[in-house]
Trainee: 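Let me give you the structure first, and then I'll get to my questions.
Residues: numbered from 1 along the sequence shown. Order of appearance sets the numbers: ligands from 1, and atoms from 1 within every ligand. Both backbone and side-chain heavy atoms feed into the values below; hydrogens, waters and symmetry mates do not.
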Amino acid sequence: MTISMKDEILKRILAADGEAVSGQELADSLGVSRTAIWKHMQTLQEEGYTFETIKKKGYVLTGVPNSLNPTQIELFLKTEHFGREIHYFDVVDSTQTIAHKLAQEGAPHGTIIIGEEQTAGRGRMARPWESAHGTGIWMTIIVRPDVTPQQASSYTLVVAVAVTMAIKTLYEHVEPLIKWPNDLLINGKKCTGILTEMQAEADLVQALLVGIGINANQEATDFSPDIADIATSLRLEAGEEINRAALVASILHYLEQFTELYVNEGFASIKTLWQQLSCTIGQRIEVTTLRERFEGVASGITDDGVLQLTQDDGTIRTIYAGDIKI
Ligand code: BTN
């Protein structure tokens, strides 16, 4: 990936982490004129970056644009495959739909599809997913792991761990917890949902379409009355504006690492971390599957990511899919 002069300047200013960066030093080290630096700074301002100019010291970054365009994400990206091909849309029906099409056309492992807004965002069990413009992260990742369709069913738990780690790394005082199989809750309210779909042949996974919806910068009043009591956003919990591009890059970083571990060593290698980050194990829960509803204590998770429920009569049930209420 070649990086433009403008992006190189931006990278250096971001790396300064709030300290002033001298225009003259930028010009000298990049081998361009002071006027060229000034022109790039103007362009960055037009893109939504804000700077304070401190006399005799230089530029201090005071704000980043609220955009997920590929340039923003690439500034933070440390991965080899994940996010190296980005399909970015202002408005899209659902990133899942686009991902299905691109995967069939052979899009490479790690391709991501991002929309600023989804008009038909969908969740698990065919539920709608609120995806207002510019507020959240609405993204699908095309993953091509070398596993069987049966093994792939636990991948969604790996995704939940990756997203949790990314949030915790960037916002240390925020504590997301995983509700099996794939919701992230903060203070009991949902901030993230994961929808993993599959393209497969009999015993071969062609692609996993990993849809991640994160409520990032919503205010409480942005949620519809239907979900206002059960949803939250990272901004509400962290008390600060969320840099969505940095968060996307961090998720991709963790997901690439954990995917490699998962493919080489199976879900068992991530299970302990999943348990530490989960709010499900040890809780009394109510399970709703397509056919029935039952209760018990979530007593553990198997090496394949299957939930074990101890019922009141002591019998253990294994839950492969469903919704749970804690
Ligand atoms: C759930 O909790 O039910 C899963 C929600 C998944 C939402 C994401 S947003 C990006 C991707 N595109 C969709 O239409 N859905 C997923």
Trainee: With a cut-off of 4.0 Å, which atoms of ligand 1 are near a heavy atom of R124?
Mentor: 1 (C), 3 (O), 4 (C)
Trainee: Heavy-atom pairs closer than 4.0 Å: do any link ligand 1 to the side chain of M139, the backbone, both, or neither?
Mentor: backbone
Trainee: Check the pair E8, R12 against salt bridge (charged side-chain N to carboxylate O under 4.0 Å, His left out), reporting the backbone distance first and the verdict last.
Mentor: CA-CA 6 Å; E8 184 56 43; R12 291 182 186 207; 3.0 Å; yes
Trainee: In terms of heavy-atom contacts, does CD of E240 have more than 12 from other residues, nucleotides or ligands at under 6.0 Å?
Mentor: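 Counting other residues, nucleotides and ligands, CD of E240 exceeds 12 neighbours.
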Trainee: Among all protein heavy atoms, pick out the one at the shortest distance from atom 5 (C) of ligand 1; state its residue, atom name and that distance to 0.1 Å.
Mentor: W129 CE3, 3.5 Å
Trainee: If you have a sec, work out which protein heavy atom is nearest atom 12 (N) of ligand 1 and how many Å separate them, to one decimal?
Mentor: Q118 OE1, 2.8 Å
Trainee: Y320 and T289: side-chain donor and acceptor closer than 3.5 Å?
Mentor: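 The criterion, which ignores hydrogens and geometry beyond distance, is not satisfied for T289 and Y320.
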Trainee: Just jot down the ligand 1 atoms closer than 4.0 angstrom to any heavy atom of R122, in number order.
Mentor: 6 (C), 7 (C), 13 (C), 14 (O), 15 (N), 16 (C)
Trainee: Pairing donors with acceptors under 3.5 angstrom, does anything connect the side chains of T302 and Q308?
Mentor: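 No - no donor-acceptor pair under 3.5 Å links their side chains.
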Trainee: Under 4.0 Å from a heavy atom of S94: which atoms of ligand 1 are those, numbered in the order shown and with their elements?
Mentor: 12 (N), 13 (C), 14 (O)
Trainee: Counting only heavy atoms closer than 4.0 Å, does ligand 1 sit against the backbone of T140, its side chain, both, or neither?
Mentor: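 For T140, only side-chain atoms sit under 4.0 Å from ligand 1.
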Trainee: For ligand 1, which atoms sit closer than 4.0 Å to a heavy atom of K190?
Mentor: 1 (C), 2 (O)
Trainee: Examine I319 and V306 and state if one hydrophobic cluster contains both, with Ile, Leu, Val, Met, Phe, Trp and Tyr joined whenever side-chain heavy atoms are less than 4.5 Å apart.
Mentor: no
Trainee: Tell me, yes or no, whether the heavy-atom count around E172 atom CD, taken from other residues, nucleotides or ligands under 6.0 Å, exceeds 12.
Mentor: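 No, because the 6.0 Å sphere around CD of E172 holds 12 heavy atoms or fewer from other groups.
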Trainee: Examine the proximity of ligand 1 to D183 and report which part, side chain or backbone, both or neither, has a heavy atom under 4.0 Å away.
Mentor: side chain
Trainee: Just which atoms of ligand 1 are under 4.0 Å from any heavy atom in G123?
Mentor: 1 (C), 3 (O), 4 (C), 5 (C)
Trainee: So is Q96 touching ligand 1 or not, going by heavy atoms under 4.0 Å?
Mentor: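 Yes, Q96 has heavy atoms under 4.0 Å from ligand 1.
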Trainee: Show which atoms of ligand 1 fall inside a sub-4.0 Å distance from at least one heavy-atom site of T95.
Mentor: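 Selected atoms, number and element: 10 (C), 11 (C), 12 (N).
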Trainee: With only distance considered, is W138 within less than 3.5 Å of ligand 1 through an N or O on each side?
Mentor: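 No: no nitrogen or oxygen of W138 is under 3.5 Å from one in ligand 1.
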Trainee: Any non-hydrogen side-chain atom of L61 less than 4.5 Å from a side-chain atom of V21?
Mentor: no
Trainee: With hydrophobic residues grouped by side-chain heavy-atom distances under 4.5 Å, do W138 and V143 end up in a single group?
Mentor: no
Trainee: Which of the atoms of ligand 1 are close to G121, meaning less than 4.0 Å from one of its heavy atoms?
Mentor: 14 (O)
Trainee: Between Q283 (side chain) and I326 (backbone), is there a donor-acceptor pair under 3.5 Å?
Mentor: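 Checking the backbone N and O of I326 against the side chain of Q283, no donor-acceptor pair under 3.5 Å is found.
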